[in-house]
Number of protein chains: 2
Amino acid sequence: MESKPNIQDVARLANVSIATVSRVINNQGGVRKQTEEKILNAIKELGYIRNAAARTMKSRETKTIGVIVPDIKNPFFPLVMAGIEQKAREKGYFTILSSTNESPIVEGKIIKNFVERGVDGVIITTANENGEHLNLLKEQNIPVVAVDRIIKSFDADTVLVDNAKGAYQAVQHLILQGHRDIAIICGPQNTTPGFERFIGYKKALEDYNIPLEESLVVQGDFGEQSGYLATRRLRELRTRPTAIFSSNNLMTIGCMKALDDLNWKLGEEVSFVGFDDVDIATFLNPKLTVVARPMNSVGEIAFMFLHERIQFKANLPKREYSLPPELIIRQSCRMWEK
Amino acid sequence: MESKPNIQDVARLANVSIATVSRVINNQGGVRKQTEEKILNAIKELGYIRNAAARTMKSRETKTIGVIVPDIKNPFFPLVMAGIEQKAREKGYFTILSSTNESPIVEGKIIKNFVERGVDGVIITTANENGEHLNLLKEQNIPVVAVDRIIKSFDADTVLVDNAKGAYQAVQHLILQGHRDIAIICGPQNTTPGFERFIGYKKALEDYNIPLEESLVVQGDFGEQSGYLATRRLRELRTRPTAIFSSNNLMTIGCMKALDDLNWKLGEEVSFVGFDDVDIATFLNPKLTVVARPMNSVGEIAFMFLHERIQFKANLPKREYSLPPELIIRQSCRMWEK
DNA sequence: ATAAAAAATCTAAACGTTTTCATTTAGGGG
DNA sequence: CCCCTAAATGAAAACGTTTAGATTTTTTAT
């Protein structure tokens, strides 16, 4: 049991050439039954396992795709990931996942590493949409699919949920219940979801002739803490809002904690709609009305886009897929009579 | 822009041999300032990126570790993963994550693939603790660390949370409040966590001289649905329990849904302790008392164990690390006077 | 200026595959 | 039994690195 057996050893034991062994390993046919059997036996006997590195070196294929997310602890991403993995496995691809902690620097290193490893493609939710660190992917001619956040420096296929529409529906729902003083807890405005959800918010107000009140627009960073702080801020306003729209799951959680701490009665004193369904939504009293996204589908479509790119390197035009979000009405919004 | 530039191209442009280029790339020293600069410039000019496959082939090192989890959608694993990734990054390692969906078959394929890729080590929460599919790892002499579930077929370093102790504390807490009819929603008994938590439950009852009542022991599979069903089952018992201990996070969620549907008043009619802290715990009314685990630490320690194995191939003895869980007392348990 | 020692650089041989092209073998038809 | 064709197999050249060991250049000591 010296070092690992290689294709040579197998060939020797089966009394054939390595070329023939290779053909058997790769199911290329053109090998006699009898010979094939000899080889298969030799493989089993030696416990031979082929070497991916060597194979990659010749074939320029790794059957691996890289996935980059900003925060693996945000439950959104594991759910997307599950969709990606499932489809990838069906097509014989493997998946490398790395998380950047929202740091473009880390992201750059990961990308470099992925390129060194020769991934066949990349699915990414970037930490910085303007980033030049992404260009390496383009230069190396590696297919890329952007998920949830777009890439600005070059054309890449993109899979999004219609953020503006989702936000619009949420805010519209509040307006139709009679609310006028509707606050928004924003995500970072330099990210697609943060920006577009704010757009949807503004659009809804506009369509219903409600002037935008600056003080009701609070900046957050998609983290729980910022949702908490934003909510406390809103509470202190002289024109206290009668409804809040939170731009993502984590901030929703922060917001709920604040509501609780402040004893600001959800559904009674303040109505609420959140972007993204969350575990806690159905456990609160009242249950939260939210805009839900089809995470699994996002992942599946992202992989399918990527797979097409990988197969037909030809320049398909850039594609964009926008999935419809769904407003799930529960009980956190009350009719508001002024 | 023909094909990607290689070390040859760099050498040619810088007017040196590939050996020297290699030394610069790997920071091995022994190269004159002047020469190094020439090479660095050439690298930049060509946009050279080294080829991991070729490098691996020579050095037999990939600086990659594989992580295998049974269900990426269970929030426990992303949290452990975050700990692993952080430490791994510090040490210059990359991480491949795959999820098995609790299928030993899929797990076997993943392992084979990891071996082909030449991962330097594997961290795994296996889908089947008895599985022979794990032996490949042993045969190939690849360092392995088991997390959360042990591996039975060979000795591997193991990082666990003290499941029995955690369960014991939970049940003890209930007993001390006067409960006697304490139900347990079990996890699969062929998994370490499922089994050991049941042990802890039994031990606590025993220590306080409470006979074990079979009907209060309900089997679950660690999935949400099974927690829901189990709770409904308990409700229909003639000796309805006055307290429930749930063996994991997902089943806790299912249990809460059932409680709600059945209108079985948490904290009043039935006390509750869950294993694993969950997002919803602090949003329920009353808030859930739980046994919390230090997920991040689990990941960190797992990687550190693995790293030591990778560095000192020598046969260190098998190590086991058991982290203490923490009972977080909130409001879901009430004094019970019979 | 010269020899010896030290430092820098180079040459060439792996690493384990895949793949092209050449060669051998098997199988049929005459 | 021989020749021809088709099928099966083999030989050898990559793929892009790393790394001994050989060789050249530079530095230091005399």
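In what follows, chains are A, B, ... by sequence order, proteins preceding strands, each numbered from 1.
The nearest whole Å value for the distance from the CG atom in A:Asn15 to the C1' atom in D:dA8 is 15 Å. Here the C1' atom of nucleotide C:dG16 and the CD atom of B:Glu116 are 13 Å apart, to the nearest Å. When rounded to the nearest whole Å, the span between CD of A:Gln34 and P of C:dT25 equals 14 Å. B:Asn26 places its CG atom 16 Å from the P atom of C:dT9, with the value rounded to the nearest Å. In this structure, the NZ atom of B:Lys58 is 11 Å from the C1' atom of C:dG16, given to the nearest Å. Atom CD1 in B:Ile25 sits roughly 9 Å away from atom C1' in D:dT17 (whole-Å rounding). The nearest whole Å value for the distance from the CD atom in A:Glu37 to the P atom in D:dA8 is 15 Å. D:dT18 atom P lies 5 Å from atom CD1 of B:Ile7, rounded to whole Å.
Counting any heavy atom pair closer than 4.0 Å across all strands shown, B:Ser22 reaches a base atom. Residue contacts shown for B:Arg23 include a base, since a base heavy atom lies under 4.0 Å away. Heavy atoms of B:Ile18 sit under 4.0 angstrom from at least one base atom. When heavy atoms are screened at a 4.0 angstrom cut-off, A:Thr56 is found touching no nucleic acid atom at all. Within 4.0 Å of A:Gln28, counting heavy atoms only, lie sugar-phosphate atoms of the nucleic acid but no base atom.
The shortest distance between the side-chain N/O atoms of A:Ser17 and the OP1/OP2 oxygens of D:dA11 is not below 4.0 Å. For A:Thr20 and D:dG10, the shortest distance from a side-chain N or O to OP1 or OP2 is below 4.0 Å. Using a 4.0 Å cut-off, some side-chain N or O of B:Asn6 falls inside it from OP1 or OP2 of D:dG16. Within the 4.0 Å cut-off from OP1 or OP2 of D:dA8, not a single side-chain nitrogen or oxygen of A:Arg32 is found. Within the structure, a side-chain polar atom (N or O) of A:Thr35 is placed less than 4.0 Å from OP1 or OP2 of D:dT9.
Side-chain contact between B:Thr95 and A:Leu97 is absent, with no heavy atoms from C-beta onward closer than 4.5 Å. Side-chain contact between B:Pro193 and B:Phe222 is present, with heavy atoms from C-beta onward closer than 4.5 Å.
Between B:Lys33 and B:Glu36, none of the side-chain N atoms (NZ, or NE/NH1/NH2) sits under 4.0 Å from a carboxylate O, so this pair counts as no salt bridge. Salt-bridge formation is detected for the pair A:Arg309/A:Asp157: a Lys NZ or Arg NE/NH1/NH2 atom is positioned less than 4.0 Å from an Asp or Glu carboxylate oxygen. With respect to B:Arg50 and A:Glu116, a salt bridge is recorded, a charged nitrogen being found less than 4.0 Å from a carboxylate O. Taking a cutoff of 4.0 Å between a charged side-chain nitrogen and a carboxylate oxygen, B:Arg319 and B:Glu308 qualify as a salt bridge.
Checking C:dT17, D:dG16, D:dA11 against the side-chain heavy atoms of A:Ala19 singles out D:dA11 as nearest. Comparing atom distances between the A:Met57 side chain and each of D:dT19, C:dG16, C:dT9 picks out C:dG16 as nearest.
Summary of the strand contacts: A:Arg50 and B:Gly30 both lie near DNA chain C, and taking for each the nucleotide with the nearest heavy atom, the more 5' one is attributed to B:Gly30.
No donor-acceptor contact under 3.5 Å links the side chain of A:Arg60 to the base of D:dG16.
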